[in-house]
Amino acid sequence: CNRGRIEKPLGHLDDGVASLPRALSLNPAIAAVHYSLVLIYLLRGARLEAEHAFRRARETDPRHIHAAMQLATLLRYENRLEEAAGVYRAMLEYDPGNVTARFHLAAQQQPDGPDRVPAEVVQAIYSDKSAGRNLEQSLREHLKYQTPAILKAALGDLHGTEKPSLDILDLGCGSGLYGAMVHPRAKRLVGVDLSASMIEECRRKQVYDDLLVRDVVDYLADTRDDFD
C-alpha cells in the first residue's frame, strides 16, 4: 500500500498501478488505496478505470469526501449532470455544510450557470495546505502549462531589456508561477488570490513585495495603487 502511494508522486505510475491492487487483494476495504489508484488512472487518462475506482472508494467509505468530490467532477466533465447531482446530494446528507457540493448542485439548476464562484467555494477547494504545491506540480508535469512563459515573452516584446522597472499586479496569482518568471522585470510585484494556501506557496518563492488573500474583483474596486 505505502509503496504504491509513494511511487505515484515519484512518477512511477506503472509500478504504482501494480503495487496498489496487490495491497487491495490483502485488504480490499482500504478506501485510501482505491483513491490513490484513482489518481494514477487520471494521470494516465484512463477515465473509465478512474470512475470505477472512485466508486469502489466510496463503497468502502461512503464519507470519503475527496473521492465523492472528484467523482462528481469527472461526471460533470462527461456531461453526466444528473449522476453528478446524485453524488452531491449524497455528500450533503452526511456533510450538510459542504459549500462546494451545495454550490455545484445549485449551479446545475441555473440554465446559464452562476455569474461567479463564491469566495467560500474557492477557498474550500484550495483549503489544503499543500494545494499550491500540488497544483503547480500538476501544471508543470502533466498539463505542460505554458501561459506564464507566453506572458513573459509578451512582456519582453513590449519592454525590451529585462530590468526591474515595472509595477506588476498578479491577479489570481495561484502558486506564483507567473510571478517567479516576471520578478526580474518588477520594481514592485503584488499578488492577489482567494486561496491562503496559494498565497503561502507564493510566499515560499520570495519574489513578491506584497501578497493578499482577497477576491480580485474586490481588490480592484478598493485599491488606489497604479500598475503597469
Side-chain angles (χ1 to χ4, degrees), residues 65-66 68-70 72-74 76-77 81 84-85 87-89 91-92 95-140 142-143 145-152 154-155 158 164 166-183 185-228:
I65 191 72
H66 296 298
M69 190 65 71
Q70 294 292 341
T73 300
L74 178 63
R76 285 193 297 111
Y77 181 81
L81 301 183
V87 176
Y88 289 130
R89 291 189 192 99
M91 290 173 62
L92 290 170
D95 186 11
N98 190 299
V99 295
T100 306
R102 192 170 296 283
F103 165 75
H104 283 297
L105 192 57
Q108 287 186 198
Q109 312 305 316
Q110 303 175 35
D112 299 323
D115 292 333
R116 61 190 290 192
V117 179
E120 60 269 22
V121 173
V122 176
Q123 290 165 344
I125 291 171
Y126 297 106
S127 60
D128 190 279
K129 290 183 179 180
S130 61
R133 208 168 312 161
N134 291 343
L135 175 64
E136 182 164 321
Q137 182 180 8
S138 178
L139 289 172
R140 284 183 182 276
H142 306 299
L143 299 179
Y145 187 57
Q146 297 297 316
T147 301
I150 292 170
L151 291 173
K152 179 184 178 182
L155 271 181
L158 286 171
L166 302 174
D167 290 308
I168 299 176
L169 175 60
D170 190 1
L171 290 173
C173 55
S175 63
L177 280 173
Y178 177 68
M181 285 193 173
V182 300
H183 174 253
R185 291 188 176 276
K187 180 172 61 179
R188 181 175 177 236
L189 178 59
V190 176
V192 182
D193 200 282
L194 262 176
S195 167
S197 63
M198 293 295 175
I199 291 294
E200 189 57 36
E201 186 62 23
C202 287
R203 191 167 283 116
R204 283 163 45 88
K205 289 181 170 59
Q206 299 183 344
V207 297
Y208 289 87
D209 298 290
D210 199 6
L211 287 163
L212 302 165
V213 180
R214 289 203 62 185
D215 183 294
V216 297
V217 175
D218 294 340
Y219 174 81
L220 289 173
D222 294 341
T223 188
R224 295 183 179 181
D225 292 344
D226 293 322
F227 295 92
D228 295 303

Non-neighbouring partners of [X] that pass side-chain hydrogen bond (donor to acceptor under 3.5 Å, both in side chains), sequence neighbours left out:
X      : answer
Tyr208 : Asp170
Lys205 : Glu136
Arg89  : none
Asp210 : none

Compare every heavy atom of [Y] with every heavy atom of [X], then report the nearest pair and how far apart it is.
X      : Y      : value
Ser195 : Val213 : C-CG1, 4.5 Å
Val87  : Ala68  : CG1-O, 3.3 Å
Leu177 : Pro148 : CB-CG, 4.0 Å
Ala84  : Ala72  : CB-O, 3.7 Å

Go through the structure and list residues passing side-chain contact (heavy atoms from CB on, under 4.5 Å) with [X], not counting sequence neighbours.
X      : result
Asp218 : Arg214, Asp215
Leu171 : Leu169, Val192, Val216, Tyr219, Leu220
Val182 : Leu155, Ile168, Tyr178, Leu189
Pro118 : Phe103, Glu120, Val121

Just how far is it from atom NE2 of His104 to atom CE of Met69, taken to the nearest 0.5 Å?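 Rounded to the nearest 0.5 Å, the NE2-CE separation comes out at 6.5 Å.
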From Met91 atom CE to Asn98 atom CG, the distance as rounded to the nearest 0.5 Å: 4.0 Å
Flag, side chain of Gln109 to backbone of Leu105, donor-acceptor distance under 3.5 Å: yes
Donor-acceptor check, side chain of Arg102 to backbone of Pro96, threshold 3.5 angstrom: yes or no? yes
Check the surroundings of atom CG in Asp226: do more than 12 heavy atoms from other residues, nucleotides or ligands lie under 6.0 Å from it? no
Suppose the criterion is salt bridge (charged side-chain N to carboxylate O under 4.0 Å, His left out): which pairs have a residue in residues 171-181, not counting sequence neighbours?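 Residue pairs passing salt bridge (charged side-chain N to carboxylate O under 4.0 Å, His left out), neighbours aside: none found.
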Answer whether the closest heavy-atom distance between the side chains of Arg76 and Gln108 falls below 4.5 Å. yes
Is any side-chain heavy atom of Ser175 less than 4.5 Å from a side-chain heavy atom of Asp193?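 No; the side chains remain at least 4.5 Å from each other.
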Checking Cys173 against Ile199 for the side chain to side chain contact (heavy atoms under 4.5 Å, CB included) test, could you report, in this order, the C-alpha distance in whole Å, the side-chain angles of both residues, the deciding distance, and whether it holds? CA-CA 8 Å; Cys173 55; Ile199 291 294; 3.8 Å; yes
Test salt bridge (Lys or Arg N to Asp or Glu O under 4.0 Å) on Asp225 and Arg188 and set out the steps. CA-CA 11 Å; Asp225 292 344; Arg188 181 175 177 236; 3.3 Å; yes
